[in-house]
Amino acid sequence: MAFVLSVATVFGALLQPITVSPSVDATQLRPAAVQRAQLDDSARPASRLRSARPALGRRTEDFCMMAGSDKTVMILFGPPGAGKGSQAPKIVDKLNIPQLSTGDMLRAAVAAGSEVGKKAKDVMASGGLVSDELVVSIIRERIKEDDCSGGFILDGFPRTVEQAKMLDEMLDGSGDKVSLVLALEVPDEVLTERICGRWVHKDSGRSYHVKFATPKSLTEGATPSVETMLDDETGEPLMQRADDTEEALGKRLQGYHEQTVPILDHYEPAGVVSRLNANIAPDEVWTSIDKVLPA
Ligand code: AMP
């Protein structure tokens with residue numbers, strides 16, 4: 001309880017830099033958001049684009065997309081590196097509702113050195129999950145903002161069935177419910193290659209990949225390092241996300257399969273889950289997504 005209260009007390013500090021409401025300097029959110037979008041695009045393994053695994057479960061064509069509520073409460077679901085970050089801006093554009101990424105919010109908190117950031121930093125770097133109470137509290141506050149009144153897209157949340165239940169309860173309070181769970185599916189081995197090769201220019205969010213989007217500084221045969229991985233525009237060193245290591249990714253994927261995937265079973269009975277093959281070119285993924293979004 002004390003922890004939850006302490007979370008509440010730091011919301012002011014946490015939410016200011018991360019919210020996208022008009023009263024706030026939204027540019028502070030940009031680097032992380034841009035980073036995610038670009039990373040997912042650039043990290044796409046071109047060689048695998050055509051070796052698509054068939055999508056499982058319900059197909060886009062027979063998917064019933066709304067659960068009865070007017071508000072679109074969408075969960076953008078998928079493992080790290082599935083392309084959520086690159087598809088989200090297009091969904092935001094089409095639906096005109098904000099994307100709420102708990103990962104971006106937490107990274108902003110870590111960068112700001114807030115109390116929440118201090119609590120989350122180490123567990124995030126190791127690839128573990130921060131507490132349900134912490135992320136639920138963050139989302140609870142965020143969805144009170146005006147820009148969420150018409151709906152919102154949850155990215156990276158819920159991550160556990162417990163979080164999903166807490167979300168349902170929260171939504172129930174305002175007569176809302178999850179209307180769409182869009183699950184992007186990509187095999188683990190592809191994710192490892194996508195994630196572990198990505199490097200980013202911290203200030204601009206420009207992203208690169210050691211194999212699929214190399215910076216000019218990485219000459220053929222050279223080993224990727226802070227000396228050889230430099231931003232094309234500024235020449236500054238690129239960096240890797242603290243949790244984009246093979247070790248942390250292993251833990252993230254294990255957590256995803258054990259704790260996050262069961263969320264789909266939780267929402268399946270409501271008929272709101274749509275599973276899409278995301279091991280194809282981003283444009284093709286978008287075409288599938290577009291078909292299941294509310295008009
Ligand atoms: P992401 O950018 O979504 O991959 O999130 C990065 C990290 O933030 C995760 O590996 C977790 O440590 C933490 N995180 C983000 N969202 C959640 C959540 N809903 N529950 C617990 N931890 C989270």
Side-chain angles (χ1 to χ4, degrees), residues 3-4 7 14-15 18 29 31-40 43 73-89 99-112 114 116-143 152-168 170 178 181-184 186 188 191-192 194-196 198 200 202 205 207 240-264 266 278:
F3 180 59
V4 174
V7 166
L14 167 66
L15 292 176
I18 58 180
L29 179 64
V34 169
Q35 172 184 336
R36 288 171 61 82
Q38 295 179 334
L39 285 174
D40 283 325
V73 177
M74 176 178 159
I75 298 173
L76 188 51
F77 192 96
K84 301 189 294 292
S86 63
Q87 298 297 337
Q99 170 204 7
L100 314 183
S101 158
T102 43
D104 283 348
M105 292 173 178
L106 289 166
R107 273 186 292 279
V110 171
S114 70
V116 167
K118 284 179 196 151
K119 285 189 173 96
K121 188 175 179 184
D122 289 344
V123 68
M124 286 176 75
S126 74
L129 291 182
V130 306
S131 75
D132 291 343
E133 288 74 18
L134 180 61
V135 284
V136 169
S137 305
I138 290 172
I139 289 295
R140 191 190 304 281
E141 291 305 307
R142 180 63 184 85
I143 65 178
F152 43 88
I153 301 155
L154 295 166
D155 169 3
F157 176 88
R159 241 5 188 261
T160 63
V161 172
E162 194 52 38
Q163 287 180 18
K165 288 179 180 167
M166 290 160 95
L167 170 67
D168 294 345
M170 195 191 306
V178 171
V181 182
L182 200 60
L184 303 183
V186 178
D188 282 6
L191 298 171
T192 307
R194 285 187 186 184
I195 293 278
C196 294
R198 67 184 183 182
V200 64
K202 198 173 175 206
S207 75
Q240 288 188 286
R241 232 174 84 169
D243 57 353
D244 277 353
T245 61
E246 212 158 328
E247 193 190 357
L249 182 64
K251 195 166 167 192
R252 287 159 78 194
L253 288 177
Q254 187 184 358
Y256 175 74
H257 289 296
E258 289 175 6
Q259 296 175 270
T260 308
V261 170
I263 290 173
L264 296 178
H266 173 78

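Whatever order the structure lists them in is the order used to number ligands and atoms, beginning at 1. Computation of the quantities below employed the complete heavy-atom set of this structure, encompassing side-chain atoms and omitting hydrogens, waters and symmetry-equivalent molecules.
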Practice prompt. Work out whether the distance between some heavy atom of K84 and some atom of ligand 1 is less than 4.0 Å.
Written response: no

Worksheet, complete the sentence: To atom 15 (C) of ligand 1, the nearest of E162, Q163, R159, K251 on a heavy-atom basis is R159

Item to complete: Using a strict 4.0 Å cut-off to heavy atoms of G128, name the atoms of ligand 1 that fall inside it.
Response: 10 (O), 11 (C), 12 (O)

Worksheet item: Is the shortest N/O to N/O distance between V130 and ligand 1 below 3.5 Å?
Response: yes

Worksheet item: Which atoms form the tightest heavy-atom contact between L184 and A278, and what is the distance?
Response: CB-CB, 3.7 Å

Worksheet entry | Side chain, backbone, both or neither: the part of V135 lying under 4.0 Å from ligand 1 by heavy atom | side chain

Discussion item. So which atom in P80 and which in L249 form the shortest heavy-atom distance, rounded to 0.1 Å?
Written reply: CG-CD1, 4.0 Å

Worksheet item: Should the pair R107-D104 be classified as a salt bridge under the 4.0 Å nitrogen-to-oxygen rule?
Response: yes

Worksheet item: Which value, rounded to the nearest 0.5 Å, describes the distance between M166 atom CE and E133 atom CD?
Response: 5.0 Å

Worksheet item: Below 3.5 angstrom, do we get any N/O pair linking D104 and ligand 1?
Response: no

Worksheet item: Does at least one non-hydrogen atom of Q259 fall below 4.0 angstrom from an atom of ligand 1?
Response: no

Item to complete: Give the atoms of ligand 1, by number and element, whose distance to some non-hydrogen atom of R252 is under 4.0 Å.
Response: 4 (O)

Worksheet entry | For T102, atoms of ligand 1 separated by under 4.0 Å from a heavy atom | 15 (C), 16 (N), 17 (C), 19 (N)

Practice prompt. Inspect the contact between R252 and D244 and indicate whether a charged nitrogen and a carboxylate oxygen are less than 4.0 angstrom apart.
Written response: yes

Fill in: Rounded distance (nearest 0.5 Å) linking atom CG of L129 with atom OH of Y256
12.5 Å

Worksheet item: Do ligand 1 and P158 have nitrogen or oxygen atoms that lie under 3.5 Å from each other?
Response: no

Worksheet item: Going by atom types alone, do S126 and D243 pair a side-chain donor with an acceptor below 3.5 Å?
Response: no

